[in-house]
Amino acid sequence: MSEIPAIELRKINKSFGPVHANKDIDLVVKKGSIHGIIGENGAGKSTLMSILYGFYHADDGDIIIKGKKVTIADSKAAIGMGIGMVHQHFMLVDNFSVLENVVLGAEDSALLAGGLSRARTELKRLEEEYELRVDPEALIQDLPVGLQQRVEILKALYRSAEVLILDEPTGVLTPAEADHLFKILDVLKNQGKTVLLITHKLREIMAVTDTVSVMRRGEMVATRETGNTSMEELAELMVGRSVLLRVDKEPAQPEAPVMEVENLTVTDSRGVQVVKDVSLSVRAGEIVGIAGVSGNGQSELLETLSGIRRATSGTLKIHGESIDLGTSTLDAADMRKKNMGHVPEDRHRMGLINSFTEYENSILGYHRDPAYSRGLLMDLAAIKKNAVAEIEKYDIRPPNPMLKTANFSGGNQQKIVLAREIERDPEVLLIGQPTRGVDIGAIEFIHRRIVELRDAGKGILLVSVELDEIRALSDRVLVMFDGKIVGERGSNADEGELGLLMAGVEDNRMTAEGGVQ
Amino acid sequence: MSGGQLPRWVDLGLIPFLNLSAAFLVSGLVVILIGENPLDAVKVLLWGSLGYAEGFGFTLFYATNFIFTGLAVAVAFHAGLFNIGGEGQAYVGGLGVAFACLALDQYVPWYVTLPFAILGSAAMGAAWAFIPAWLQAKRGSHVVITTIMFNYISFSFMVYLLGNVLKKPGSMQNETRTFEDGGRLPFLNDVFPSFGFGYAPVNLSLFVALAACVAVWFLIWRTKLGYEIRSFGANATAAVYAGISPVRIIVVTMLISGGLAGMMAINEIMGSQHRLLIDFVTGYGFVGIAVALMGRAHPVGIILAAVLFGMLYQGGAELSFEMPNITRDMIIVIQGLVILFAGALEHMFRPAIVRFFTPSQALAAKEA
């Protein structure tokens with residue numbers, strides 16, 4: 001089969017000053033295939049796709065689409081050449097209907113009416129052809145994320161995309177929704193479309209792609225037929241050495257509970273109950289993982305326990321006292337005084353102030369601690385000394401406390417947060433998404449630190465949407481769905497079973513077999 | 001910091017310089033349009049504001065006002081608050097100065113009155129900022145709106161007080177009696193006669209302003225409160241995560257900001273006019289916004305920007321005197337252009353400069 005490839009890249013180079021983000025990249029994407037591109041954060045995947053989609057221009061090298069050499073000036077040109085992109089963060093207008101969103105930017109004339117009815121017919125055809133059913137009149141804000149993503153795909157198809165680029169498409173999906181997406185990708189493939197799947201999840205690559213290309217530090221290090229490779233090989237290619245996908249840890253030796261939550265209910269600003277009657281306990285020396293698809297109340301649970309958000313009702317027992325969360329006015333500073341640390345889910349929004357230096361961030365939340373202040377003043381010498389010590393201990397790079405945290409990589413930013421919270425020696429540590437947007441090398445390090453903290457006899461409540469992470473770290477797994485805890489499993493929890501629970505399938509066997517010793 | 005990290009000299013030197021150049025370039029075109037030689041105009045402006053001691057004294061006098069109002073806006077900036085109410089806060093601050101002076105001037109020397117005048121003006125300015133602050137903190141009413149409203153309230157409030165309550169008996173003027181020596185700050189010309197400031201009203205409150213700069217620097221970068229203010233301003237969500245109370249920060253910051261604005265009245269009332277009168281603020285509060293923007297909300301930058309605007313005020317006055325074609329209104333146009341380029345269009349040159357200077361690691365890190 002010497003078919004003309006859908007896309008061919010030859011010796012693409014892109015530098016940002018001295019940093020060579022893409023080095024002599026060659027890539028051949030066969031028409032009608034699903035081609036995965038995998039690599040750590042910063043490996044150059046996004047740069048390469050941005051070049052293909054016209055956001056950046058390559059310094060040199062050729063882009064050949066369907067056998068013809070082209071220059072892609074901007075994303076409009078890319079769309080014209082049949083390249084469509086589904087971004088990680090959807091580009092949809094929430095209070096527009098599906099139809100309006102699909103048409104947006106591709107209206108035929110200034111008057112909508114004629115275009116809309118034509119668009120409706122076209123949309124219907126696309127929906128049937130690709131089995132992408134969505135109600136065209138539904139408002140985006142009423143649709144679950146899985147359907148929103150479908151709208152994004154429809155948008156691309158409506159613009160006659162032949163090649164679809166999907167950037168980390170499953171980050172926000174339930175396992176079931178992800179499976180459905182993969183089915184859609186299969187249909188697209190069978191209809192002759194070409195799919196480029198950017199991801200850092202090895203499992204997805206194995207599940208859905210025909211061919212996989214691995215990028216590392218700006219270079220394309222390998223391209224494999226998916227059938228002829230393994231997760232271990234790909235992981236090794238990604239980081240350039242072999243990595244532990246499992247976390248080495250001894251069985252937990254839990255002691256008395258250090259934190260007990262009883263009947264916690266939280267209502268958000270819209271009046272919707274987001275946490276419903278949740279009870280759980282964390283014992284000293286164990287990691288309790290909360291699995292669940294993002295948006296099922298885990299974030300609110302962590303924020304309430306850490307004192308950021310107010311509960312409607314519920315009790316928290318910690319540090320030898322019982323707090324009525326429905327009436328308490330304790331804020332995050334008060335909770336820290338009760339020896340509770342908190343690594344928030346979103347380090348950019350909450351865990352760090354990116355325009356602050358590393359040393360300023362290293363005391364965020366602990367700035368009133370007498371160790372770092374003298375009366376009204378900050379004790380800058382003590383703060384910097386502590387920051388230098390944490391940088392050393394957590395191998396934070398570059399080792400410069402004067403640098404703004406915005407200039408650290410994701411993994412190092414996370415280490416800054418982790419160092420700050422762990423080094424205050426909390427009795428209970430709440431951790432949300434410890435390795436989101438963190439490269440594999442740092443993941444290993446962070447997981448080791450969390451296990452060490454457990455082995456030091458601390459209680460850890462871990463929230464993560466990465467099922468692999470939950471399974472690798474947790475001694476007990478609680479599954480949250482729609483604000484409720486719908487199941488509990490031991491450390492050897494079955495992935496499929498957890499997936500079903502996360503998708504809201506009723507668990508009738510919860511106490512029967514999920515018991516923990 | 002959205003635009004990546006620039007070298008300090010670029011951020012603090014080159015960008016303001018480019019903005020200023022653009023402002024003067026456009027001003028020059030306007031001057032040509034009305035048939036005057038822009039180079040001559042610049043000569044007059046510089047000579048009038050810096051060329052001789054008395055002119056320079058006037059420049060410093062205006063700069064003193066701008067330092068206070070600029071600091072006021074800057075402190076609020078650090079908490080992410082936009083205090084447009086400097087005008088009203090300074091006006092009401094005049095009450096604090098006047099009360100101190102009217103009560104004490106006949107009994108004690110000026111240096112005893114001064115601390116009370118500082119406290120009084122700061123307290124009144126802060127009080128005037130309190131209600132907008134409280135509404136913002138508790139009700140989410142935007143301070144931009146409420147502080148502007150409070151400016152108007154202050155105008156009427158002061159006219160009422162000066163016309164009905166504080167007016168000197170038997171006078172037609174809406175003003176208090178003139179303070180005795182105990183309520184007058186010495187002019188710099190009297191303290192340092194050798195400088196030859198002549199009739200320029202620049203007075204000892206210049207040093208109060210400089211002390212306020214040091215105090216603000218210390219507050220913002222050395223105290224826990226300053227850390228909390230900056231945290232809240234840079235990332236309110238992270239501040240709440242850190243256990244910093246938004247209500248407390250909004251209220252405290254606005255009180256400090258209002259207090260600084262109020263202190264402007266020391267220069268005008270105790271330093272120059274020696275009586276409380278109507279409309280003594282005349283726009284200094286608003287120009288303080290431009291001063292703070294141009295000075296990058298840093299005390300050193302604010303001093304420089306305040307002197308620049310002082311030059312525009314003083315040099316502009318001379319200019320309208322020397323070149324009748326360039327009227328007072330023209331000067332306001334030129335000031336407006338500086339405010340426009342230094343403030344509103346602050347980001348015009350920035351993207352290009354960021355692209356030029358950004359070390360590429362930052363970009364590469366961002367692409368991931």
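Below, chain A is the first sequence line, B the second, and so on; all start at residue 1. Just so you know, these numbers come straight off a predicted model, no measurement behind them.
Neither the backbone nor the side chain of A/Leu330 comes within contact range of chain B, judged by heavy atoms closer than 4.5 Å. Both the backbone and the side chain of A/Leu364 come within contact range of chain B, each with at least one heavy atom under 4.5 Å from a heavy atom of that chain. A/Arg336 touches chain B through its side chain: at least one heavy atom from C-beta onward sits under 4.5 Å away, while N, CA, C and O do not. Only the side chain of A/Arg420 comes within less than 4.5 Å of a heavy atom of chain B; its backbone N, CA, C and O stay farther away. For A/His342, the parts lying near chain B are the backbone and the side chain together; criterion is any non-hydrogen pair under 4.5 Å. Proximity to chain B involves both the backbone and the side chain of A/Glu360, based on heavy atoms less than 4.5 angstrom apart.
Rounded to the nearest 0.5 angstrom, A/His367 NE2 and B/Thr223 OG1 are separated by 10.0 Å. Atom CZ of B/Phe232 is separated from atom CD1 of A/Ile353 by 11.0 Å, given to the nearest 0.5 angstrom. In this structure, A/Leu376 CG and B/Arg222 CZ are separated by 14.5 Å, a value rounded to the nearest 0.5 Å.
Atom CZ of B/Phe116 is surrounded by 12 or fewer heavy atoms from other residues, nucleotides or ligands within 6.0 Å. Within 6.0 Å of CH2 on B/Trp221 lie more than 12 heavy atoms contributed by other residues, nucleotides or ligands.
Looking only at heavy-atom pairs under 4.5 Å with chain B, the residue among A/Ser373, A/Gly307, A/Gly410, A/Ser50 that has the most is A/Ser373.
By a heavy-atom distance cut of under 4.5 Å, B/Val240, B/Tyr241, B/Ala242, B/Gly243, B/Ile244, B/Arg248 are the residues of residues 239-249 of chain B near chain A, going up by number.
For B/Lys224 (side chain) and A/Gly375 (main-chain N/O), a donor-acceptor pair under 3.5 Å exists by modelled atom type. Put simply, the side chain of B/Asn235 gets close to the backbone of A/His348: a donor and an acceptor are under 3.5 Å apart.
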